Amino acid sequence: MLASVYLSHLSAKCCFPFRRLYLVKPEVLSYQSLYAPVSGHFTKLHSQSYSSSSIIGYKMDEFKRRRLNNSAVPGIWDTPVENMVGALTGLQRELQREGQRELQQQRDFHRDAHRHSRTGARKVNCGELREWNHGEMVELSGKVTENRMGKFLDVRDVTGSVQVVSNNVPAQLHKRVTSIGKDSYVTIVGRVQERPSRLKNSSIPTGGIDVMIEEILHIEGEQQMGRNANFNKRNYSTVASLAQAFTRAVTSQEIEKSPSDNILKYFKNRKAICSEFRLKDVGKKVQLVGWVDSKNKHDRFLFLRDGHGAVQLMVENVSSQVKNNIQAALATSIVLVKGTVLARPANCVNTSLDTGSIEIVVDEFEILNPDDPYKGPEAIETADTSIDEFSTSRFTNRTHNCGELRLSHVDQNVVLCGWLEFSRMNKFITLRDGYGTTQVVVPDDMVSDVNLGNVSFESILRVEGSVKARPAGHDNPRQSTGQIEVVLQKVDVLNEARKRLPIDSKEFNKAKENLRIEYRYIDLRGPQMQRNLRLRSQIIMKMREYMINKCGFVEVETPTLFRRTPGGAQEFVVPTRKPGHFYSLVQSPQQFKQMLMAGAIDRYFQIARCYRDEATRPDRQPEFTQLDLELSFTDRDKIIQLVEGVLANSWPEDDDPLKVPFQRITYDEAMSRFGSDKPDTRFGYELRDVTAKMNTNEKVMLGLDPSVYRAYAIVVKEPHSGTPTAFKKSLDALSKEHPKCKLVFNNVNNDWLNSSIVKLLDHDVAKTLNSHLALKAGDLLLLGYGRAPEVQEMMGKVRSAFYENLEARGLVEKRSSISQNFIWLYDFPLFAQNDETGGLDSVHHPFTAPHPDDVAKLKQKESLTKLRSQSFDLVWNGVEIGGGSVRIHNGTLQKMVLEDILKVDHGHLQHLLDALECGCPPHGGFAIGLDRYISLLCNAHSIRDVIAFPKTLEGKDPLSKAPVPISEEEKKIYHLSTVESTKS
């Protein structure tokens with residue numbers, strides 16, 4: 001029966017305002033995905049089962065390019081097909097002709113439109129190409145999952161895979177295609193070509209087309225195909241991508257080689273492919289279908305190939321019947337082989353093959369006759385209740401989690417486990433786990449037997465039931481499982497919760513933070529904490545993958561227990577059984593990673609745990625996590641490029657891609673423009689340097705030397721120039737925090753040059769400022785002057801406070817927490833004056849190298865506070881998320897900095913100085929504060945919301961009540977005594 005799905009007037013962005021999709025059979029409709037053209041692309045709408053007695057219509061107001069979930073499809077209605085059979089039968093031919101005309105219009109449109117890239121090709125995703133893109137020039141990027149004979153590349157990205165073909169290309173291009181190994185990342189340009197009907201592969205969405213390669217723009221992580229190829233490269237990708245990477249689906253090559261449908265069934269229903277066997281399979285009995293490589297025939301062995309790869313067959317001691325069949329096999333013959341997997345001798349391993357470590361001893365060898373009926377196992381299409389190899393339910397007693405059931409699971413029997421979230425009338429219950437919620441319906445005949453009304457919420461249940469579509473009009477579009485429900489067959493209470501829990505896990509009724517931390521095991525059940533921790537896991541996984549697979553870094557774990565390092569933050573002290581001897585918990589792996597460079601581990605990283613015994617803040621914890629990295633033979637620019645690559649490749653997929661490179665400014669420029677070394681560039685009101693206009697009047701110089709005097713102005717125009725009295729008072733309080741500076745808060749009027757500002761600044765200064773700043777009546781002038789950098793810091797705070805006030809009053813749009821306002825700061829001072837001791841401190845740390853242009857001054861100890869360092873920070877939306885530097889790699893220079901400039905006893909650093917003097921390469925590194933960074937990505941209130949078990953602002957753990965006293969016996973073991981503090 002012909003069914004028709006109408007998509008009405010999608011949006012202004014749609015290529016075609018009105019489209020129809022025709023699906024000829026109801027059974028095809030049950031499995032077919034629906035697509036709609038959007039902005040030159042086809043977006044998947046839905047994939048679900050429909051009853052054969054209905055026509056489904058969708059009306060969508062807006063589409064995005066990305067795949068929509070089920071809950072995004074509103075407006076479902078049913079119409080009995082029996083009333084429409086006659087009309088549909090009469091319209092079938094007309095509809096088919098119209099469909100062909102529309103398909104040709106789509107091809108013409110895509111051939112001539114959307115030429116965006118520098119190659120003249122349209123940039124596309126691998127999984128979006130279809131037959132209607134025939135003839136279009138496209139540019140695509142992705143990971144190579146297969147390279148067959150240098151002619152066929154399977155290229156995959158997050159949207160799917162596509163086959164790239166290199167037939168009839170220039171020799172140089174073919175050579176380059178041949179050299180591309182698995183797991184390489186490529187960007188290619190090619191023309192989409194529709195396959196002949198017989199060669200189309202219906203098992204994948206892009207199976208109807210090939211991309212005929214014309215140019216390779218980029219290859220990253222390129223591996224040479226050949227004896228030294230490495231096909232076992234470790235991959236930290238998500239389990240979903242791993243599942244997609246391995247498939248036994250029929251390839252276009254196999255379709256082409258199959259002389260009949262009977263032969264093709266052997267490929268469709270096979271249980272193994274030639275390329276999947278490894279040493280772990282030794283001893284297995286296997287059955288393979290494929291063709292014999294006629295170029296590599298031998299009396300003792302031959303190669304069996306299919307569309308996925310090849311494997312060596314041992315045929316030395318086979319029966320005469322098998323020998324005769326082998327001799328009769330032609331290059332076009334399809335053969336069925338049965339045998340046993342055997343390990344090859346060590347000297348016979350073929351590193352150019354995925355299966356080069358094994359061979360198959362042949363027991364049976366049959367040439368398949370295309371005319372004979374298929375004799376293999378049939379693929380039985382039944383409701384699949386098995387657990388996928390990469391499912392989140394693997395190794396558990398459930399079949400699915402509570403967030404994954406869809407209409408495609410209708411009529412499947414499932415087992416769910418989770419928390420009882422809600423119960424109503426002993427008829428409906430909601431089961432929740434970390435993945436989502438599912439509605440369970442109790443049938444009428446079970447209501448009397450199942451009494452869940454007395455079971456406490458948050459109890460653990462195990463539910464068995466059958467998935468059914470919800471009745472029309474009962475869908476819940478806000479819930480991922482909102483189109484289905486599970487009809488209960490059996491329920492077990494695995495663990496009943498208390499009648500009254502200390503806190504509620506619901507988002508709309510959150511407890512205070514201390515209570516949430518104390519009962520964190522309940523708080524973690526909430527959707528926000530679930531999202532935060534799962535996103536954190538994904539980001540760290542992608543960082544690891546990029547560092548190891550694409551940059552060749554080595555993950556090395558360094559000790560947590562170390563010796564005390566003077567200077568810097570206060571460290572936690574760990575007592576030992578040896579009297580008077582203590583460990584310290586490391587502030588960072590700084591010394592270890594420098595010694596790794598001396599040890600030829602030239603590309604190091606780790607997800608490091610660090611500890612600092614200092615007051616906590618919303619963005620700081622006594623124990624925290626950072627991505628720590630170091631590499632040899634590098635410089636500042638190369639480290640910056642590396643960090644940008646790490647962030648771009650680990651950026652959440654749901655957000656817009658991260659735009660790199662980031663903006664770069666010097667420390668001096670940041671302080672002069674923003675009054676902060678952590679500038680927030682999401683809004684304007686930058687400081688304007690008016691020092692040259694002010695220092696002509698000694699009265700406003702505050703007795704300061706001109707070399708340290710600075711003056712800055714912020715001019716605010718109407719309608720934002722009006723300020724409440726309360727805000728003026730807050731600015732007065734802020735100015736008192738900076739006694740070496742003055743803050744002027746002045747409204748400009750028509751008689752401004754005759755106002756009180758003249759008494760404060762002098763008439764000439766006021767006149768100069770009026771002209772230089774182009775002041776007009778109604779403007780607000782915020783003027784700060786005094787000692788640098790104090791006045792810069794004060795004006796930076798004024799700038800931020802003023803904009804926050806505008807946001808609070810609704811006069812400006814609130815800043816977005818995920819705006820991509822990343823900025824690099826570099827050329828920090830190497831040393832800074834310590835006002836308390838009168839000595840010098842390192843601005844970054846004492847191992848930071850000086851700027852190359854300032855090395856001579858450092859050695860001569862000239863103008864030390866004006867020397868620049870090779871340190872640099874990364875700031876995102878006004879928050880520092882990481883810092884790094886090029887290090888001092890010369891032992892003599894490092895000793896001079898410690899001894900002569902910082903006046904620090906270097907006995908505790910002798911191990912590091914020795915390493916530098918034993919041949920240490922130039923090196924540098926960086927560290928990203930993961931807690932702070934991920935809290936910004938999650939738009940969390942503080943970093944505590946992205947940590948499973950955090951400490952409070954006071955550094956305490958409400959969950960375990962730590963820190964706690966220890967017994968007198970334990971004190972004796974560690975030779976400790978407690979001195980009670982006295983309060984005056």
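Owing to the predicted nature of the structure, the values given are computational and were not obtained by experimental measurement.
Judged by distance alone, with hydrogens and angles left aside, the side-chain atoms of Asp827 form no donor-acceptor pair with the main-chain N or O of Gln870 at under 3.5 Å. In this structure a side-chain-to-backbone donor-acceptor pair under 3.5 Å is missing from Asp628 to Ala927. Judged purely by atom type and a 3.5 angstrom limit, His738 has no side-chain atom pairing as donor or acceptor with the backbone of Lys740. In this structure a side-chain-to-backbone donor-acceptor pair under 3.5 Å is missing from Lys797 to Ser676.
Across Leu781 and Ala713, no two heavy atoms sit closer than the pair CD1-CB, 4.0 Å. Here the shortest heavy-atom pairing between Gln626 and Gly929 reads CB-CA, 4.3 Å. Taking each heavy atom of Val765 and Met694 in turn, the nearest pair found is CG1-SD, 3.7 Å.
Atom OH of Tyr519 and atom CG of Leu524 lie 15.0 Å apart (nearest 0.5 Å). The structure places OH of Tyr826 at 12.5 Å from OG of Ser871, a figure rounded to the nearest 0.5 Å. For the atom pair Asp523 CG and Met529 CE, the distance stands at 6.0 Å (nearest 0.5 Å). Note that CD1 of Ile928 and CG of Leu629 are 7.0 Å apart. Values are rounded to the nearest 0.5 Å. Of the inter-residue distances, the one linking Phe926 atom CZ with Ile639 atom CD1 reads 9.0 Å to the nearest 0.5 angstrom. Of the inter-residue distances, the one linking Cys741 atom SG with Gln792 atom CD reads 9.5 Å to the nearest 0.5 angstrom.
Salt bridge Asp637/Arg664: present, at least one basic N to carboxylate O contact under 4.0 Å.
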Salt bridge (Lys or Arg N to Asp or Glu O under 4.0 Å) between Asp668 and Arg868, intermediate numbers included:
CA-CA 10 Å; Asp668 287 342; Arg868 294 165 295 170; over 6 Å; no
Please walk me through it: do Ile947 and Arg536 pass side-chain contact (heavy atoms from CB on, under 4.5 Å)?
CA-CA 9 Å; Ile947 300 173; Arg536 179 185 180 118; 4.1 Å; yes
I'd like to know whether Asn834 forms a side-chain hydrogen bond (donor to acceptor under 3.5 Å, both in side chains) with Asp841, so could you lay out the CA-CA distance, the side-chain angles of the two residues, the decisive distance to 0.1 Å, and finally the verdict.
CA-CA 6 Å; Asn834 188 317; Asp841 292 333; 2.8 Å; yes
Salt bridge (Lys or Arg N to Asp or Glu O under 4.0 Å) evaluation trace for Arg815 with Glu807
CA-CA 8 Å; Arg815 290 164 284 184; Glu807 288 179 320; 2.9 Å; yes
Before you tell me yes or no, could you show the steps for Leu743 and Asp732 under side-chain contact (heavy atoms from CB on, under 4.5 Å), namely the whole-Å CA-CA distance, both residues' side-chain angles and the distance that decides it to 0.1 Å?
CA-CA 8 Å; Leu743 176 63; Asp732 289 338; 5.9 Å; no
Could you go through the salt bridge (Lys or Arg N to Asp or Glu O under 4.0 Å) check for Asp680 and Arg799 one step at a time?
CA-CA 10 Å; Asp680 188 345; Arg799 173 179 179 264; over 6 Å; no
Step by step, work out the side-chain hydrogen bond (donor to acceptor under 3.5 Å, both in side chains) result for Trp651 and Asp656.
CA-CA 9 Å; Trp651 192 252; Asp656 293 332; over 6 Å; no
Going through the checks in order, is the side-chain hydrogen bond (donor to acceptor under 3.5 Å, both in side chains) test met by Arg809 and Asn805?
CA-CA 6 Å; Arg809 291 156 58 200; Asn805 180 262; 2.8 Å; yes
Begin from the C-alpha positions of Leu780 and Phe745 and carry the test side-chain contact (heavy atoms from CB on, under 4.5 Å) through to its verdict.
CA-CA 8 Å; Leu780 172 65; Phe745 189 99; 3.9 Å; yes
Does Glu813 form a salt bridge (Lys or Arg N to Asp or Glu O under 4.0 Å) with Arg682? I'd like the steps, not just the answer.
CA-CA 11 Å; Glu813 187 176 349; Arg682 289 174 293 176; over 6 Å; no
Could you go step by step and tell me if Glu880 and Leu874 meet the side-chain contact (heavy atoms from CB on, under 4.5 Å) rule?
CA-CA 6 Å; Glu880 179 191 339; Leu874 180 58; over 6 Å; no
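Between Glu128 and Thr159 there is no side-chain heavy-atom pair separated by less than 4.5 Å. Using a 4.5 Å cut-off on side-chain heavy atoms (C-beta onward), Pro622 and Glu614 make no contact. Side-chain contact between Asp873 and Tyr667 is absent, with no heavy-atom pair separated by less than 4.5 Å. Here the side chains of Val646 and Leu627 are in contact, with some heavy-atom distance below 4.5 Å. Annotation: side chain of Asp945 is in contact with side chain of Arg516 (closest heavy-atom distance under 4.5 Å). Side-chain contact between Leu782 and Val715: absent, with no pair of heavy atoms (C-beta onward) separated by less than 4.5 Å.
Figure legend: cation-pi geometry between Arg612 and Phe624 absent, as NZ or CZ is not positioned both under 6.0 Å from the six-membered ring centre and within 45° of its axis.
Residues Ser721 and Asp779 have side chains that never bring a donor and an acceptor to within less than 3.5 angstrom of each other. Counted by atom type alone, Asn514 and Glu518 present zero donor-acceptor pairs between their side chains at under 3.5 Å. A donor-acceptor contact under 3.5 angstrom links the side chains of Gln530 and Arg534, judged on distance only.
Taking the ring centroids of Phe822 and Phe662, they lie under the 6.0 Å cut-off. Trp876 and Trp824 have their aromatic ring centers separated by at least 6.0 angstrom. The distance between the ring centers of Phe802 and Tyr685 falls below 6.0 angstrom.
Surrounding CD1 of Ile818 are at most 12 heavy atoms belonging to other residues, nucleotides or ligands under 6.0 Å away. Counted within 6.0 Å of NZ on Lys717, heavy atoms from surrounding residues, nucleotides or ligands total more than 12; the atom is thus considered enclosed.
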